[in-house]
K.L.:
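Just passing along the structure, written as structure tokens.
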Amino acid sequence: MSSSFRLNAPDVTCEVFDGEALVVNLRSGAYYSLRETALIIWQMLLEGWPAADIGRRLAPALGLAEAQAVATVEAFVTQLQAEALIVSEPARQPATTAVTWPERIGPPVLDRYSDMEELLKLDPIHEVDVAGWPVQPPTPPKA
Amino acid sequence: MDFAGLANSSLHDRLARYFSELEQTFARLPSPEGTCADRRLKLAGKTIRLRIAGTALGRVLGPALEHLANEAETATSDLEICCWDGAETGVALPPPPWSAATGIGRTIFPAGGEQFRVSDSSGGETFALLRLDQGRGIFWTRDARRLPTFHHAAPLVEVFQAWGRTAGLTVLHAGCVGDERGGVLLGGRGGAGKSTTALLGLEAGLRYASDDFCLLESGEPPTVHCLFASAKLHRVDLPLFPRLAALAEDPVPDVFDKPVMFLRRAFAAQVVTQLPLRAVVLPRVAAQERSEFARISPAQALREFAPSTLFQLPGEGAAPLQAMAALVRGLPCFRLTLGRRETVAAALRGILDEVA
């Protein structure tokens, strides 16, 4: 996994505080809390670090061999992609990171909240494509 | 040839033509004496003009917005909404330039249509089209006598939400009460207790700006503006609020089963047009004797109170979350654990003591 990633804006928005990121998927109604290791990975991803590089840098703090740490981070990134929170883009390797972390960290956890999803189903936002309203964007064929 | 450019101007032009047709329809409405109202409101320093055709519609839109009345206002309107009742005027909504089979709720337009917002609700019983770049809008209802009670409690809330963003204002799903020192914003998911907390504060003599939807003006300090001088309670809770229960009416019962109370009828001195905010408070119901409060992190506060605003009133993108994030970063945030109802107002005053 050598891509960089960016926030899946405008469908997804994020606010980062000391110790926690609140990520909101405005399209699905799900929202997420990222803390500790999840927050570290999230911030480094948005800086442009590829997942494998994040894994290698966090391996000592995770207490894992490099290959295992890389696999852990890549699995988390896959989870973020599956939730449509991030999208890949051409790699852009940053020189340094502003993100810090303690000596010991645990595995990343993505806390997902779905209590608002039903509200969107009751009051959906319809989008149209450039052909004009009311033409709705074509639904991709199911695999 | 730039097809995308054609599509953008085509979409804009179609919407602009339809909006113009609606305005012309309103201008030609029959207006028997006494059936039309022209109301000037003042909200967050902005002038709003409501032109209402239909006495029944006037009874729906009027009471909750009464506190904003400013009939002496002569300044050019920042927002003008022409509203008409299809049943009373006998004039239906001109057919829109799209298929009736399209199930619209709220619609976001691509490039070319950004300045327009459409909303229909209640199964096609209402329709609103806003032209945000010109501060003008149209609201139509099939029959005002059939509008469910929540329309009486929070009239035109979606109009205020969309227009508010253009004026740097954010509609929040939150309560707000306070005293001479300022107010506390009461946030949280449905059922958290924010409405009950706001109304207990009102009954205990606190100033009132909201129990459900209010208007946030970011700034130093941030200010909540009272959007609706109304409140709603579950029917089963009315016996716990005898003074409010005496005001309760349910014009057209809806799925929420929450009668509305127009608060100025009994609490006129306490319903304020605005409160400067001093704290963000997240209530939580608990089985304990006394109500208590404790500080919580801005992140926790935002996580608990932002989603209901974002998803009760979707369609404005990331901007509302940014406004709420700025709020919790700038103000102290508290968890209010609710004990016996007699202790709630004292706890709210205790929070204001702490942050003063």
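Naming convention: chains lettered A, B, ... in sequence-line order (proteins, then strands); numbering from 1 in each chain.
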K.L.:
Where is the tightest heavy-atom contact between B/Ala318 and A/Leu26, given as atom of each residue plus distance?
P.N.:
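Residues B/Ala318 and A/Leu26, closest heavy atoms: N-CD1, 4.0 Å.
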K.L.:
Given that the side chain runs from C-beta out, which part of B/Gln300 has a heavy atom under 4.5 Å from chain A: side chain, backbone, both or neither?
P.N.:
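The backbone, not the side chain.
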K.L.:
Against chain A, work out which of B/Pro298, B/Ala306, B/Ser297 has the most heavy-atom pairs shorter than 4.5 Å and name it.
P.N.:
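Ranked by contacts with chain A, first place is B/Pro298.
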K.L.:
How would you list, in number order, the residues of residues 54-65 of chain A that have a heavy atom less than 4.5 Å from chain B?
P.N.:
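Interface residues of residues 54-65 of chain A: none, nothing closer than 4.5 Å to chain B.
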K.L.:
For side-chain contact (heavy atoms from CB on, under 4.5 Å), just list the numbers for B/Gln312 and A/Met116, CA-CA rounded to whole Å, side-chain angles, deciding distance to a tenth of an Å, and then say yes or no.
P.N.:
CA-CA 9 Å; B/Gln312 288 267 2; A/Met116 293 286 146; 6.0 Å; no
K.L.:
Which heavy atom of A/Tyr31 sits nearest to which heavy atom of B/Arg303, and what is that distance?
P.N.:
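Shortest heavy-atom contact: CE1-O, 3.7 Å.
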K.L.:
With a 4.5 angstrom heavy-atom cut-off, could you sort out which part of A/Tyr113 is near chain B: side chain, backbone, both or neither?
P.N.:
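Side chain only.
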K.L.:
Say you draw a straight line from CG of A/Asn25 to CZ of B/Phe311; how long is it, rounded to the nearest 0.5 Å?
P.N.:
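The CZ atom of B/Phe311 is 7.0 Å from CG of A/Asn25, to the nearest 0.5 Å.
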K.L.:
Spell out the residues in residues 15-24 of chain A that have some non-hydrogen atom less than 4.5 Å away from a non-hydrogen atom of chain B, in order of number; otherwise answer 'none'.
P.N.:
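Answer by number: A/Glu15, A/Val16, A/Phe17, A/Glu20, A/Leu22, A/Val24.
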K.L.:
In terms of heavy-atom contacts, does CD of A/Glu36 have more than 12 from other residues, nucleotides or ligands at under 6.0 Å?
P.N.:
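No, because the 6.0 Å sphere around CD of A/Glu36 holds 12 heavy atoms or fewer from other groups.
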